[in-house]
Amino acid sequence: MLADHLLAELARDDGPVGPRSGLPLNRRLAEALRRAILEGRLGAGERLPSSRELAQDLRLSRNTVVAALEQLAAEGYVRGRVGSGTFVADLPARNGGSARMRRPGATATARLSNRGQQLARQRNAQHLEIQPFTPGPADFSAFPLALWQRLQNKHWRQARPEMLDYTTSGGYGPLRRAVADHLRVARGLRLEPDQVIITSGTQQSLELCARLLADEGDTVWIEDPAYWGAVKALTACGLRLHPVAVDEQGWAAPTLPGPPPRLIYVTPSHQYPTGAVMPLVRRRVLLAEAARHQAWVLEDDYDSEFRFDAAPVAALAGLDDDSRVCYLGTFSKVLYPGVKLGYLVAPPALVDDLRQAHYDLNRPGQLPLQAALAEFIELGHFAHALRRARQTYAARRALLLQALQPLLAHPGVALHGAAQGLHLCLRLPPDIDDAALAQQLAAQGITVRPLSAYCLQRRDLRGLVIGYGYAAPALIAPCAERLVSTVQAALAAVTAPGR
């Protein structure tokens with residue numbers, strides 16, 4: 001009986017129309033009737049009880065029932081006949097089949113594109129993000145949170161109407177000037193503020209360049225092993241990846257035959273994930289290759305702010321005399337990851353087109369946040385925060401390096417990339433199963449990444465990528481000791497007699 005079914009649905013605490021749904025009673029009743037129609041409990045042309053009968057059977061007010069029926073009529077689920085009553089409408093079949101709602105548990109066939117299927121299979125954000133190492137929440141104690149909150153509150157209170165709109169200028173003017181001034185001094189770039197486009201981070205900058213500078217099917221040279229976010233973004237744009245091997249000095253000239261590149265993606269300041277720093281000679285070779293192929297270079301200046309044993313290496317874009325380098329940077333490492341603000345420094349010939357495309361595709365805004373960051377930089381707080389962050393991260397790095405020393409006595413074990421950045425790479429012999437080793441450590445609450453998981457074509461690299469930038473100092477030594485003992489056991493297993 002319809003009334004019994006509706007009463008049961010309305011009384012179910014865990015149901016979509018139950019008392020805990022938060023919906024008004026007339027909406028709950030309308031939804032229960034709608035579901036009964038879509039599930040086939042009420043067939044097309046079937047007459048519903050009168051509003052008076054339903055109200056009596058359900059022990060509801062007639063006004064509640066009338067409101068529910070009027071809602072269903074407005075949506076086309078029922079129709080009234082003068083003098084005859086209310087009837088279930090003859091609903092059109094969906095997808096050439098039944099108009100019935102899918103039963104709970106039924107699954108629809110995923111209709112992803114080939115590209116979408118490839119992207120969905122690569123759930124890299126969960127498995128390849130370097131940030132974790134020690135258990136517990138990330139430690140952002142080096143960041144002046146109270147000061148940052150005051151600046152944000154100030155600019156929200158003073159926000160003019162135009163500050164709440166989209167921006168077509170590429171970002172808040174004072175912030176673009178502040179970024180340009182910072183990059184001239186810190187990274188050796190030759191640029192004007194108009195070349196700076198404020199984005200939501202490196203990922204958005206990368207996607208913007210890929211969309212505008214290459215067509216589907218074009219070739220992009222990319223480091224191998226590679227930053228998973230770049231792999232995702234470039235694949236999503238339909239580009240063909242041509243892996244270029246990385247060694248102890250970063251990007252090496254490609255040796256495999258193939259079509260010329262339209263784009264070249266590199267992380268020269270601190271290669272992701274090996275940590276290699278590209279020397280001047282290779283930087284010049286890369287720029288010469290780009291000029292020879294008329295290709296654009298996408299320089300992801302990853303972790304460039306943090307070099308502990310010497311002054312930071314000048315950016316590749318600072319050597320670019322041919323205006324072929326698009327420089328990608330972010331504030332997330334000095335501030336905090338969730339700030340979601342970055343910048344793209346475009347070659348002069350591309351500025352207008354990239355800025356317009358950024359507006360058309362992304363509808364950039366957040367001007368009050370950008371204004372707070374501009375003042376944060378202008379008043380010297382950014383430089384102070386950077387110095388403090390360097391000191392904090394250097395101390396954490398020293399703790400980790402000291403704890404990892406026992407491993408260096410084993411043949412084939414080496415530390416790479418420790419001179420810069422917020423992660424290092426513990427290289428292991430090629431017969432070590434680094435993925436299994438990472439899983440063993442995860443079972444102990446220690447999150448590291450297998451180096452082999454970042455490789456596109458290479459099968460010779462094994463190691464663990466260890467992030468320490470956001471690890472609480474008190475946890476570094478004990479977690480690293482567990483890591484050392486686990487790795488030592490794995491090394492002993494592969495060198496045991498009889499293998």
Side-chain angles (χ1 to χ4, degrees), residues 130-134 137-156 171-189 191 193 196 198-203 205 269-270 300-315 327-345 366-400 419-423 467-474 476:
I130 289 177
Q131 178 175 314
F133 163 50
T134 61
D139 182 7
F140 299 112
S141 58
F143 181 64
L145 184 59
L147 169 64
W148 177 245
Q149 289 175 330
R150 287 198 300 272
L151 288 175
Q152 285 196 89
N153 291 338
K154 169 187 172 181
H155 285 281
W156 270 112
Y172 185 60
L175 178 58
R176 290 187 286 118
R177 288 194 294 272
V179 169
D181 291 341
H182 169 71
L183 294 178
R184 288 192 199 100
V185 175
R187 306 300 297 127
L189 267 64
L191 77 161
V196 178
I198 304 299
T199 67
S200 67
T202 297
Q203 201 70 14
S205 300
S269 294
H270 189 237
D300 182 351
D301 208 22
Y302 178 72
D303 276 357
S304 63
E305 304 94 342
F306 304 109
R307 186 165 174 82
F308 304 111
D309 296 335
V313 179
Y327 178 91
L328 286 56
T330 178
F331 296 103
S332 64
K333 294 299 174 64
V334 179
L335 304 182
Y336 53 93
V339 71
K340 294 301 293 178
L341 280 178
Y343 45 87
L344 162 64
V345 179
Q366 298 196 85
L367 290 181
L369 178 62
Q370 294 185 31
L373 179 54
E375 186 171 358
F376 188 79
I377 297 174
E378 290 167 353
L379 295 179
H381 300 307
F382 182 81
H384 177 74
L386 178 55
R387 287 193 299 271
R388 184 179 177 188
R390 283 185 184 135
Q391 295 170 355
T392 300
Y393 297 144
R396 296 176 187 180
R397 164 183 171 267
L399 289 172
L400 180 58
Q420 183 159 332
L422 303 183
H423 78 269
Y468 57 85
Y470 304 121
I476 291 178

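Given the structure is predicted, the values throughout are model-derived calculations rather than measurements. Just so you know, these numbers use all the heavy atoms, side chains as well, and skip hydrogens, waters and symmetry mates.
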- Message: Using side chain to side chain contact (heavy atoms under 4.5 Å, CB included), reason through F306 and R397 one step at a time and then give a plain yes or no.
- Response: CA-CA 11 Å; F306 304 109; R397 164 183 171 267; over 6 Å; no
- Of all residues at least two apart in sequence or in a different chain, which pass the salt bridge (Lys or Arg N to Asp or Glu O under 4.0 Å) check with D300? none
Under 3.5 Å, which donor-acceptor pairs do the side chains of residues 143-152 form with other protein atoms, sequence neighbours left out?
| unit_1 | atom_1 | unit_2 | atom_2 | d |
| --- | --- | --- | --- | --- |
| W148 | NE1 | Y336 | OH | 3.1 |

- Query: How many angstroms lie between OH in Y470 and OG1 in T392, if you round to the nearest 0.5 Å?
  - Reply: 12.0 Å
- Query: Got a sec, which residues hit ring pair (Phe, Tyr, Trp, His ring centres under 6.0 Å) with H384, two or more places apart in sequence or on another chain?
  - Reply: none
- For R177, what residues pass the side chain to side chain donor-acceptor pair (under 3.5 Å) criterion, not counting sequence neighbours? none
- Task: Please identify each residue that fulfils side chain to side chain donor-acceptor pair (under 3.5 Å) with T199, with sequence neighbours left out.
- Result: S205
- Message: How long is the straight-line distance from CD1 of I377 back to NE2 of H182, given to the nearest 0.5 Å?
- Response: 7.5 Å
- Do R396 and L422 come close enough that some side-chain heavy atom pair is under 4.5 Å? no
- Task: Only counting residues at least two apart or in another chain, list the ones meeting side-chain contact (heavy atoms from CB on, under 4.5 Å) with R184.
- Result: A180, D181, L191, E192, P193
- What residues, two or more places apart in sequence or in another chain, satisfy side-chain contact (heavy atoms from CB on, under 4.5 Å) together with A371? H155, M163, Y172
- Message: Just verifying a value: how many Å separate K154 NZ and E375 CD, rounded to the nearest 0.5 Å?
- Response: 3.5 Å
- Task: Can you measure from OG1 (T330) to CG (L341) and round to the nearest 0.5 angstrom?
- Result: 8.0 Å
- Item | Any L335 side-chain heavy atom under 4.5 Å of L373 side chain | yes
- Query: What are the two closest heavy atoms between G421 and Y468, and how far apart are they?
  - Reply: O-OH, 2.9 Å
- Partner residues of L399 under the side-chain contact (heavy atoms from CB on, under 4.5 Å) criterion, sequence neighbours left out: P473, I476
- Message: Please find the pair of heavy atoms, one from H270 and one from Q420, that lie closest to each other, and give the distance.
- Response: NE2-O, 2.6 Å
- Which heavy atom of R176 sits nearest a heavy atom of G171, and at what distance? NE-O, 3.1 Å
- Sorted by chain and residue number, the side-chain contact (heavy atoms from CB on, under 4.5 Å) partners of Q203 (sequence neighbours excluded) come out as E207, Y227, A233
- Residue set satisfying ring pair (Phe, Tyr, Trp, His ring centres under 6.0 Å) with Y343, at least two apart, ordered chain then number -> F331
- Query: Minimum heavy-atom separation for Y393 to G469, with atom names?
  - Reply: CE2-O, 2.8 Å
